[in-house]
Amino acid sequence: AQSVTQPDIHITVSEGASLELRCNYSYGATPYLFWYVQSPGQGLQLLLKYFSGDTLVQGIKGFEAEFKRSQSSFNLRKPSVHWSDAAEYFCAVGARRSSASKIIFGSGTRLSIRP
Amino acid sequence: NAGVTQTPKFQVLKTGQSMTLQCAQDMNHEYMSWYRQDPGMGLRLIHYSVGAGITDQGEVPNGYNVSRSTTEDFPLRLLSAAPSQTSVYFCASSYNSLSGNTIYFGEGSWLTVV
């Protein structure tokens, strides 16, 4: 069974600074990997996903993530954060050729932006 | 399109009361699911459905019932509410049950059981 770890519960960065949110997974093969964002009082919205091919994935709102098989990681990055990026971010892992019911979500990283 | 619509947004229940959280989607999605979100625990799957008339248990099904009489609707029933069911509940849907599909979430229902 797969699992996912987001080691940072809360991160604060200054507006305009770069951002990296960590995600580590455990799975016997290459999984499907997702990043979702949750704005306060809202549901989750897909930022990007990795299935195969290029290990650097571009998403919405200027986010990107890099799949590193050797490190079992799928870290989310943004070169310059905006105040509107303050939200909670969830990494998720899904087994290939499996059901959506088997997708596992990490515990989330809350991002605060310092003016 | 409305996407995934959940009602009510907020609800306070007394221990032992029953209630139903409503969920509807207008995207003709086969797969629908209910999650609960608790601090520090991410999202945990309660129940899911791969199509009308088919439901199954997720990770934390105890205390909850579901049914799927139509493609559009997937209500979640709490038969006898307990304080441990205080949480934020999210309904979600995707095109089909395959794990590679994008999951679309409702805006959440905040439930407090006192």
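Throughout, protein chains are lettered first and strands after them, A, B, ... in sequence-line order, and every chain is numbered starting at 1.
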| Interface residue of largest heavy-atom contact number with chain B, from A/Ala100, A/Gly43, A/Ala92, under 4.5 Å | A/Ala100
| field | Heavy-atom contact with chain B under 4.5 Å, split by part of A/Leu44 | value | both
| A/Ile60 with A/Val37, same ILVMFWY side-chain cluster at under 4.5 Å | yes
| query | Do A/Phe105 and A/Leu76 share a hydrophobic cluster (ILVMFWY, side-chain heavy atoms under 4.5 Å, transitive)? | reply | no
| said: Heavy-atom pairs under 4.5 Å with chain B - which of A/Gln45, A/Arg110, A/Gln38 has more of them than the others? | reply: A/Gln38
| query | Side chain, backbone, both or neither: which part of A/Lys102 has a non-hydrogen atom closer than 4.5 Å to chain B? | reply | neither
| said: When you compare the side chain of A/Phe34 with that of B/Ile103, does any pair of heavy atoms fall below 4.5 Å? | reply: no
| said: I'd like to verify something: which residue of A/Gln42, A/Glu88, A/Arg97 has the highest number of heavy-atom pairs under 4.5 Å with chain B? | reply: A/Gln42
| Atom pair OH/CZ of A/Tyr36 and B/Phe105 - distance to nearest 0.5 Å | 5.5 Å
| task | Measure across A/Ser99 and B/Ser99 and return the closest heavy-atom pair with its distance rounded to 0.1 Å. | result | O-CB, 3.6 Å
| said: Would you say that more than 12 heavy atoms from the other residues, nucleotides or ligands in this model lie under 6.0 Å from the OH of A/Tyr27, or not? | reply: yes
| note | One should read off an interatomic distance between A/Leu46 CG and B/Ser94 OG, to the nearest 0.5 angstrom, of 11.5 Å
| task | Following the transitive rule for hydrophobic clusters with a side-chain heavy-atom cut-off under 4.5 Å over Ile, Leu, Val, Met, Phe, Trp and Tyr, establish whether A/Leu19 and A/Val57 coincide in one cluster. | result | yes
| query | Sequence neighbours excluded, which residues qualify as side-chain contact (heavy atoms from CB on, under 4.5 Å) partners of A/Arg114? | reply | A/Thr12, A/Ser14
| message | Shorter than 4.5 Å, heavy atoms on both sides: which option in A/Pro31, A/Gly41, A/Ser101 has the most such pairs with chain B? | response | A/Ser101
| query | If you count heavy-atom pairs under 4.5 Å with chain A, which of B/Gly100, B/Cys91, B/Gly40 comes out on top? | reply | B/Gly100
| message | Please classify the contact of B/Gln6 with chain A as side chain, backbone, both or neither, using a heavy-atom distance under 4.5 Å. | response | neither
| query | Where do A/Phe90 and B/Gln37 come nearest, in terms of heavy atoms and distance? | reply | CZ-NE2, 3.0 Å
| field | Contact listing (chain A partner; residues 43-72 of chain B; heavy atom under 4.5 Å) | value | B/Leu43, B/Leu45, B/Tyr48
| note | Bottom line for B/Tyr104: the part with an atom under 4.5 Å from chain A's heavy atoms is neither
| said: Test of understanding: clusters of I, L, V, M, F, W, Y form through side-chain heavy atoms closer than 4.5 Å, transitively. Do A/Tyr32 and A/Ile104 belong to the same one? | reply: no
| task | For B/Thr102 and A/Lys49, work out which heavy atoms get closest and say how close. | result | OG1-NZ, 3.0 Å
| field | Cluster overlap B/Val114 with B/Trp110, hydrophobic side-chain contacts below 4.5 Å | value | no
